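Data block below; observations after.
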Amino acid sequence: MARFRLFDLNDEQRRAVTSTEGPLLILAGAGTGKTRVITARAAYLISQGVKPDQILAVTFTNKAANEMRERLAKMIEPAEAKLVTMSTFHALCVRILRANIDRLGYKHNFSIYDEGDQLGLIKKIITRTAAKDEKLDPNLAKNLISKAKNNGWSAPEDDQSLLSAVFARYQQELKTLNAVDFDDLLLLTVKLLNEHAEVRAKWQQRFHYLMVDEFQDTNGLQLELITLLAKNPDSENQTCNVCVVGDDDQSIYGWRGAQVSNILEFEHHFPNPTIVKLEQNYRSTNTILGTANNLIKNNPRRRAKNLWSEHDIGEKIRLIQMADDRVEAEFVSDDIQRRNFADGTPWESFAVLYRMNAQSRLLEANLRRLHIPYRLVGGKSFYDRREVKDLLAYASVLINPDDDVSLLRIINTPARGISDLTTERALELSSKTHTSLFKALQSPGFLENVTTRTKEAVRTFSELLDTYETRLLAPLADYAAVITALIEETGYLADLKRTCKTPDEGLSRETNVREMLAAMAQHQQRSNKGLRGFLDEVNLDQEQEEDDDKDDKQGVTLITLHAAKGLEFPHVYLVGLEEGLLPHDRSKVEGSVDEERRLLYVGITRAMKTLTLTHCRDRIKFGSVMPCHPSSFIKEFPEDKIELIDLAKLLSTPVAEETAKNRFAQLKAALNKAG
DNA sequence: GGCGAATCGTCAACC
DNA sequence: ACGATTCGCC
């Protein structure tokens with residue numbers, strides 16, 4: 001316990017760490033040492049005699065959970081640190097469900113459907129359910145269903161709309177397929193705990209001290225889950241020790257169902273809490289903090305905070321207008337190279353933040369042009385690649401043959417003579433008889449109505465799956481080897497390469513398949529959770545672990561504003577500060593401009609030393625040039641902290657400060673007149 | 001019935 | 001500019 005020292009903390013942090021009993025709300029502004037406080041609090045609890053396995057810390061991302069785990073291991077005995085449960089909401093739910101989901105009529109080997117799988121199922125249901133003149137956008141349906149689930153609703157019974165029918169059908173089919181989607185993980189866990197007192201008691205007894213990170217991002221279900229777990233198993237009207245940490249100003253997941261009200265009305269959910277405000281920022285210059293403060297104070301409905309720092313004023317924030325996104329990306333890359341060249345600032349010190357993933361393309365191209373190493377966070381995940389999904393679908397089908405969505409993906413990949421028409425007929429039968437596709441395919445009622453050739457193809461396919469399923473079920477089965485053999489036997493790789501346009505593409509896709517298989521083998525070495533465990537990890541871990549020891553994690557970071565929350569970088573470029581992009585056009589329709597402002601606030605507060613903001617006059621959208629206007633948020637910045645830079649002059653002579661000030665004032669006046 | 005090529009509509013953010 | 005969908009050919 002050598003490295004855990006209370007006097008390393010400031011007064012407020014110490015108060016947060018040592019308030020152990022009853023509800024505790026820690027309002028932690030950006031960069032105020034939130035993670036440090038949570039881990040120190042866990043260490044403190046243990047030092048006070050709390051058993052480590054009675055502590056639960058819930059986060060939103062695996063990265064956050066891992067970071068806390070690592071930090072805690074440095075503060076206390078690593079063996080004790082291991083006993084503390086540090087988990088994401090979803091992983092915790094999977095754990096609870098895998099143990100007891102049978103009580104809800106699902107089987108323990110249920111599949112987890114990601115968004116793509118969900119969409120596939122919804123599309124299938126819409127075509128089946130909709131009348132000829134009805135239409136429903138599958139994506140819209142998916143979002144509405146998700147929103148409904150996150151608010152704890154089930155399909156409305158009285159409603160006759162197509163959406164309601166699709167919703168009801170969707171939920172029912174998931175159950176037939178023995179599958180759950182991301183929202184179900186929460187929904188079903190809450191249902192399980194609500195409806196089964198003994199399961200509830202089991203988990204309530206398990207944890208006595210709860211901590212929730214990023215509480216401002218929790219939705220209704222997550223709050224309910226916490227409330228359920230936080231109750232004293234012996235007297236349920238007594239709440240035990242729940243500590244939540246968050247910052248309402250950084251609530252940026254409203255679209256995912258997050259309710260800022262959870263943190264704004266914490267006292268209502270957990271009466272008489274201790275409230276601690278962390279306001280000393282250890283990250284940024286006062287120029288950056290002042291700009292962030294000035295921006296965010298335009299939001300109504302927030303818990304007032306006053307971030308301050310012992311750091312210097314630092315450099316002014318640069319605001320630069322670009323001709324178009326091409327020039328913008330070029331400038332950012334050149335500027336990073338120049339600064340690296342000037343004083344050896346390492347590439348890792350730079351990050352480029354943007355609103356949409358699509359914005360990363362030009363940046364990537366330009367960084368590559370200059371041979372600057374970079375890492376792209378988020379975006380099209382490794383797991384979204386066609387070949388990776390195919391491989392996972394094969395694995396998924398072997399574990400849960402009732403998983404129709406995965407089966408559909410691979411039923412004719414590579415082509416094996418099972419046509420769309422055949423599949424369609426089997427699907428019809430499966431929905432008529434309420435069985436899975438796999439069972440329908442094998443049923444005599446189906447087989448007697450198809451041609452001999454099709455019958456043969458289906459039979460061969462069924463046998464293939466059966467054979468490998470048996471191999472997989474064998475005790476101590478080497479599942480990585482089993483899947484590899486299956487891929488071999490189907491001739492998947494050869495077919496994959498054949499369908500690629502260029503040899504390069506073929507090679508890269510093959511590499512992805514091999515990487516996936518290698519990851520599987522690696523998982524087998526370190527875990528005892530089996531192939532199911534591997535798939536769970538893959539499903540719940542959207543961050544692509546570009547496997548460890550490779551040092552290619554270094555370089556300039558390209559990242560969306562959402563994904564950047566919780567991170568910090570010495571030098572930040574925030575690009576595309578345009579009306580329509582940030583705030584995004586859709587936010588105006590949805591009335592969520594406040595959340596866009598918080599998003600920008602999150603972006604600004606990532607910067608430690610310098611911040612560069614850019615916006616374009618033109619931007620290429622859908623292949624053609626669209627004119628752009630500066631973001632309306634720009635006029636909410638404090639004039640004295642911003643330096644307006646003329647790109648043309650920057651490239652030749654530096655701008656005098658007075659000129660810059662005047663320019664900014666002019667721009668502001670113009671904006672005020674317009675808006 | 002199965003495959004490759006034009007065409008269409010689409011891009012907000014993530015566990 | 002890209003991927004899914006639709007069309008036309010084997």
Side-chain angles (χ1 to χ4, degrees), chain A residues 58-65 87-94 112-116 118-120 123 127 137-139 143 146 150 181-186 214 217-219 221-222 251-258 353-362 365 377-381 383-386 412-425 450-451 453-454 457 495 498-501 536-544 559-566 576 580-590 592 595-596 598-600 602-603 619-624 626:
Chain A
V58 194
T59 61
F60 273 82
T61 64
N62 287 290
K63 217 174 76 199
S87 164
T88 64
F89 271 104
H90 289 89
L92 176 69
C93 289
V94 169
I112 299 169
Y113 278 7
D114 67 15
E115 271 183 290
Q118 276 183 61
L119 200 60
K123 274 184 190 161
T127 48
D137 174 12
N139 252 310
N143 290 338
S146 172
N150 280 315
D181 63 26
F182 275 114
D183 304 315
D184 281 340
L185 290 176
L186 291 162
E214 308 279 16
D217 291 332
T218 52
N219 63 30
L221 282 171
Q222 284 156 336
S251 167
I252 55 174
Y253 287 106
W255 51 274
R256 201 167 73 183
L353 275 50
Y354 40 80
R355 179 68 235 261
M356 299 193 294
N357 278 309
Q359 290 172 261
S360 69
R361 303 191 97 259
L362 278 172
V377 181
K380 290 159 253 117
S381 155
Y383 301 114
D384 282 338
R385 311 248 165 85
R386 173 160 59 95
N412 206 31
T413 308
R416 51 171 68 88
I418 304 176
S419 70
D420 289 350
L421 190 70
T422 307
T423 314
E424 199 44 53
R425 283 191 186 137
V450 296
T451 63
R453 215 165 86 183
T454 303
D495 183 70
R498 195 177 52 79
T499 56
C500 289
K501 284 181 197 116
D536 281 355
E537 260 181 46
V538 165
N539 264 307
L540 297 178
D541 191 8
Q542 291 297 303
E543 300 138 55
Q544 65 192 76
I559 192 168
T560 63
L561 287 162
H562 281 92
K565 188 160 63 108
L581 197 53
L582 185 64
H584 196 275
D585 270 333
R586 294 196 193 181
S587 71
K588 298 185 188 176
V589 188
E590 290 165 12
S592 55
E595 186 159 308
E596 297 288 304
R598 291 194 289 262
L599 197 50
L600 178 54
V602 166
R619 181 173 291 277
I620 294 164
K621 254 183 176 178
F622 298 127
S624 56
M626 302 289 286

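Since the structure is predicted, the reported quantities are computational estimates derived from the model, not experimental observations.
Between the CG atom of A/D585 and the P atom of B/dA13 there is a distance of 14 Å, rounded to whole Å. Taking atom CD of residue A/E115 and atom C1' of nucleotide B/dC15, one finds them 9 Å apart after rounding to whole Å. Distance NZ (A/K621) to C1' (B/dT10): 12 Å, rounded to an integer number of Å. We find that CE of A/M626 is positioned 13 Å from C1' of B/dC11, with the value rounded to whole Å. The CE atom of A/M356 sits 12 Å away from the P atom of B/dC11 (whole-angstrom rounding). The separation between A/L185 atom CG and B/dC14 atom P is 19 Å, rounded to whole Å. Rounded to a whole Å, the CZ atom of A/R416 is 11 Å from the P atom of B/dC3. In this entry the distance linking CG of A/L540 with C1' of B/dC14 reads 13 Å, nearest Å.
For the atom pair CZ (A/R598) and OG (A/S251), the distance works out to 4.5 Å, reported to the nearest 0.5 Å. Separating the OH atom in A/Y253 from the CZ atom in A/F60 is a distance of 9.0 Å, to the nearest 0.5 Å.
Closest-nucleotide positions on DNA chain B for A/R586 and A/R425 were compared, and the one nearer the 5' end corresponds to A/R425.
Aromatic rings of A/W255 and A/H562 (six-membered ring for Trp) have centroids within the 6.0 Å cut-off, being under it.
Judged by distance alone, with hydrogens and angles left aside, A/E214 brings no side-chain donor or acceptor close enough to the base of B/dC15 to form a pair under 3.5 Å.
With centroids closer than 5.5 Å and planes inclined by less than 30 degrees as the test, A/F182 and the base of B/dC15 pass as a stacked pair. Residue A/H584 and nucleotide B/dA12 are classified as a stacked aromatic pair, their ring centres being separated by less than 5.5 Å at an interplanar angle below 30°. A distance cut-off of 5.5 Å between ring centres, combined with a plane angle under 30°, places A/W255 in a stacking arrangement with the base of B/dA13.
Residue contacts shown for A/E596 include a base, since a base heavy atom lies under 4.0 Å away. Using a 4.0 Å heavy-atom distance criterion, A/Y253 is classed as a sugar-phosphate-only contact. Within the 4.0 angstrom heavy-atom criterion, only backbone atoms of the sugar-phosphate kind lie near A/I418; the bases stay farther away. Within 4.0 Å (heavy atoms only), A/D181 reaches no atom of the nucleic acid at all. Looking at heavy-atom distances under 4.0 Å, A/E590 makes contact with a base.
Rounded to whole Å, the C1' atom of C/dT5 lies 24 Å from the corresponding atom of B/dA12. B/dC11 and C/dT6: their C1' atoms are spaced 22 Å apart (whole Å). Comparing C/dA4 with B/dA13, their C1' atoms sit 22 Å apart, to the nearest whole Å.
Side chains of A/S146 and A/D183: a donor on one and an acceptor on the other come within 3.5 Å.
Among the nucleotides B/dC15, B/dA13, C/dA4, the one closest to any side-chain atom of A/H562 is B/dA13.
One finds no side-chain N or O of A/R355 lying less than 4.0 angstrom from the OP1 or OP2 phosphate oxygen of B/dA12. The side chain of A/N143 contributes no N or O atom lying less than 4.0 Å from OP1 or OP2 of B/dA12. Proximity of A/T560 to the phosphate of B/dC14: a side-chain N or O atom is located under 4.0 Å from OP1 or OP2. Contact annotation: A/N219 side-chain N/O to B/dC15 OP1/OP2 distance is not under 4.0 Å. Within the structure, a side-chain polar atom (N or O) of A/N357 is placed less than 4.0 Å from OP1 or OP2 of B/dA13. In terms of phosphate contacts, A/K565 brings no side-chain nitrogen or oxygen within less than 4.0 Å of OP1 or OP2 of B/dA13.
Looking at A/K565 and A/D217, a side-chain N of the basic residue comes within less than 4.0 Å of a carboxylate O on the acidic one, giving a salt bridge.
Exactly one residue among A/R355, A/K588, A/R586 makes a side chain to side chain donor-acceptor pair (under 3.5 Å) with A/E596. That residue is A/R355.
In terms of modelled atom types and a separation under 3.5 Å, the side chain of A/S592 and the main chain of A/E595 share no donor-acceptor contact.
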